[in-house]
Number of protein chains: 2
Amino acid sequence: MVNTIMSVNEDAFISKISRYITPSASEIVALKKILANDVKCVARVELIEDYEIFGPIFILNKGWGYSFRDLPNGLRQIIDFILPGDIFGLQEIFLGGSNLGFASITSVDAAVVSPRTLLGMSRQWPRLGGAILWSASLQGSIAAERLVALGRRSAAGRMAHLLLELSIRLEFIGQGSPSGFFCPLTQHDLANALGLTPVHVNRVLRHLRQLELVVFRNSKVEFLDRQGLIDIAHFDAAYLGRNRDASRKIFGN
Amino acid sequence: MVNTIMSVNEDAFISKISRYITPSASEIVALKKILANDVKCVARVELIEDYEIFGPIFILNKGWGYSFRDLPNGLRQIIDFILPGDIFGLQEIFLGGSNLGFASITSVDAAVVSPRTLLGMSRQWPRLGGAILWSASLQGSIAAERLVALGRRSAAGRMAHLLLELSIRLEFIGQGSPSGFFCPLTQHDLANALGLTPVHVNRVLRHLRQLELVVFRNSKVEFLDRQGLIDIAHFDAAYLGRNRDASRKIFGN
DNA sequence: CGTTTGGTTGACCAAGTTCAATCAGAGTGG
DNA sequence: CCACTCTGATTGAACTTGGTCAACCAAACG
């Protein structure tokens, strides 16, 4: 009972799922207990699972990371960026281990949760279990949208789309603002996420800068013309989830 | 009680989840009751959801379909092919509606399930609930792998990868064989799935034919050199799931 | 038959890659 | 304070993959 309601919003995960449910005081206590069992690691560390049984589940408290898959020829594809409040390893637990790797971008503080713990929590606090599934659905929807981007958007469109997505996801957890955000990604990271080469990422960023749409420099993204970006990205934020009333209608919680 | 254990394998969904659990007689009865509430539709019909509340969930009994998203400029990206036994609309129910469309490829026979029904079944038959989540995880893993393909594989690699994947997924439900399978996809469908143009799909197929790796003609895929395909696709079937012992170790069911 | 749908091919073009060189900033040791 | 090094950003030139446009073919169907 160390943590109380006083500090609700200091945990990114709690502010994230607050888009879906308003956790009760006792639910918050249960969550904080789980979130407190954390590990810290420095920037640019990789965890390759390669289908270990009992893949760990991380809930990011602080810092940025990404999930990825490497091809035998050394190419890497970033599946999703893991921001504070996001969960890594959840979709894969039913498959008997993950075939995705996790890499830290900044230094990271992550809660380590076992599948068993998660299952227990879901039974005792069904609303929290629902919130976990909601979060997993959201990450699935983000992956689907990135699939659309890689398949059918131009390089500039992909870049614009990703920057807008990150901006909105950060705002959900109280970070960044509509005018810009802190962004620790290298151009190499962006290339691995967007299916491009680092060289071309550089050219695309220059292009967007010359069009006076965004400036990405010194780990900071500044939006100059957000509507212009939305237009070239064909961006529609619907895939990032609706307000909670929509889902409440389905399950009646 | 019309259906009994005698007819276990006629339902694709039941044979699909049999990779994960062995359903009991009463579980099969419950499943068959749900699967019997079906609709049929002809080939090449589209259902655009566009974030309707209460998006329907389909479990395909027969036929092929796909989930997709369209961009404002008219381009379409296929997210995943929905084969017999696959579920459409599951990942999205927690988001308060889907932003994906569904399209039939062949004529289709699909069970229509409401979120409420699914929730009720999961409570009454927890192992079936687990199987549903396993199935959703699997489809997420397939989407992630397609993301890798679009980001980091060549056109020929993507094509080889997709054909191998479809072959294996069909074998899981007792269709097709290692030497080939019936494939109702048009080159246009392949283009929308692989992020290519139909013209280039045609050239890639010719290329693979000239390399004597696969022949795709008259709605039939014939593998000539499966290992050769695996090589150029960098194919590793691990993402399609492990044997059931792996996941059993986690949850102890 | 004529029409429609999907497959096939060629010539040309453009987006993005490759290779290679240069640059800027941060950290490190002398 | 100055090399020295390392990482990441930047740019140019040549090249490749895949796209675009346009024509033609083949099977299916009314």
Side-chain angles (χ1 to χ4, degrees), chain A residues 42-46 64 71 73-78 103-107 149-162 183-211 214-221 232-233, chain B residues 42-46 64 71 73-77 103-107 149-162 183-211 214-221 232:
Chain A
V42 298
R44 300 297 169 181
V45 168
E46 291 181 10
W64 287 37
L71 292 185
N73 57 16
L75 292 177
R76 169 166 296 187
Q77 178 63 45
I78 292 179
S104 67
I105 295 169
T106 64
S107 65
L150 294 195
R152 290 300 186 210
R153 274 186 250 261
S154 68
R158 288 179 221 178
M159 178 66 75
H161 196 277
L162 177 60
C183 182
L185 305 178
T186 64
Q187 293 183 359
H188 194 81
D189 294 329
L190 289 170
N192 283 337
L194 300 176
L196 301 170
T197 57
V199 174
H200 199 61
V201 162
N202 186 288
R203 292 193 236 269
V204 167
L205 285 174
R206 179 178 53 186
H207 186 224
L208 294 179
R209 203 185 313 130
Q210 285 167 348
L211 292 176
V214 242
V215 177
F216 180 9
R217 234 169 212 166
N218 298 113
S219 301
K220 276 170 66 177
V221 172
I232 73 159
Chain B
V42 298
R44 301 297 169 182
V45 168
E46 292 182 9
W64 288 37
L71 291 186
N73 57 17
L75 293 176
R76 169 167 296 187
Q77 178 63 45
S104 67
I105 294 169
T106 64
S107 64
L150 293 195
R152 290 300 186 211
R153 276 186 249 260
S154 68
R158 288 179 221 177
M159 179 66 76
H161 196 277
L162 177 60
C183 181
L185 303 179
T186 64
Q187 293 183 359
H188 194 79
D189 294 329
L190 290 169
N192 284 337
L194 300 176
L196 301 170
T197 56
V199 174
H200 199 61
V201 163
N202 186 289
R203 292 194 235 267
V204 167
L205 286 174
R206 179 178 53 187
H207 186 223
L208 294 178
R209 202 186 314 132
Q210 285 167 348
L211 291 175
V214 241
V215 177
F216 179 10
R217 236 170 210 164
N218 298 113
S219 303
K220 277 172 64 177
V221 172
I232 73 159

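All chains are named by letter (A, B, ...) in the order of the sequence lines, taking the proteins before the strands, and each is independently numbered beginning at 1. All values derive from a computational prediction rather than experimental measurement. Values reported hereafter were calculated over all heavy atoms of this structure, with side chains retained and with hydrogens, waters and symmetry mates removed.
Heavy-atom minimum distance, A:A233 versus A:G157: CB-O, 3.7 Å. Between B:L150 and B:L194 the shortest heavy-atom distance is CD2-O, 3.1 Å. Of all heavy-atom pairs spanning B:C183 and B:V221, the tightest one is CB-CG2, 3.8 Å. Scanning both residues, A:A156 and A:V204, for their nearest heavy atoms gives CA-CG1, 3.7 Å. The two atoms that bring B:A43 and B:S104 nearest to each other are C-OG, 3.4 Å, heavy atoms only. Considering every non-hydrogen atom in both B:P198 and B:A191, the closest pair reads N-CB, 3.5 Å.
Contact between the side-chain N/O atoms of A:N202 and the OP1/OP2 oxygens of D:dA9 is not found at any separation under 4.0 Å.
Near DNA chain C, meaning a heavy atom under 4.0 Å away, the residues from residues 183-192 of chain B are B:T186, B:Q187.
For B:N218, there are no side chain to side chain donor-acceptor pair (under 3.5 Å) partners two or more places apart in sequence or in a different chain.
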Nucleotide by nucleotide, nucleotides 21-30 of chain D touches protein heavy atoms under 4.0 Å in the pattern (B base, S sugar-phosphate only, - none) B---------
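As rounded to whole Å, 11 Å separates atom P of D:dG19 from atom CG of B:L75. Between the NE2 atom of A:H200 and the C1' atom of D:dA13 there is a distance of 16 Å, given to the nearest Å. As rounded to whole Å, 14 Å separates atom C1' of D:dG18 from atom CG of B:L150.
Put simply, chain A comes within 4.0 Å of DNA chain C, heavy atom to any atom, from C:dG16 to C:dC19, going 5' to 3'.
Residue pairs meeting the side-chain hydrogen bond (donor to acceptor under 3.5 Å, both in side chains) criterion with at least one partner in residues 184-200 of chain A, sequence neighbours excluded, are A:R44-A:D189, A:T186-A:D189, A:Q187-A:N202, A:N192-B:R152.
From one end of the helix from C:dC1-D:dG30 to C:dG30-D:dC1 to the other, with five pairs defining each end axis, the axis direction shifts by 30° (rounded to 10°).
Going from atom CG of A:L208 over to atom CD1 of A:I232 covers 5.0 Å, rounded to the nearest 0.5 Å. Distance CG/B:L185 to CG/B:L162: 7.0 Å, rounded to 0.5 Å. The distance from the NE2 atom of A:H207 to the CE atom of A:M159 is 12.5 Å, given to the nearest 0.5 Å. In this structure, B:N73 CG and B:L75 CG are separated by 4.0 Å, a value rounded to the nearest 0.5 Å.
Each of B:V204 and A:R217 was matched to the nucleotide of DNA chain D holding its nearest heavy atom; the match closer to the 5' end belongs to A:R217.
Nucleic acid contact class of B:L205 (heavy atoms, under 4.0 Å, all strands): none.
Judged by distance alone, the side chain of B:R153 and the main-chain N or O of B:R158 form no donor-acceptor pair under 3.5 Å.
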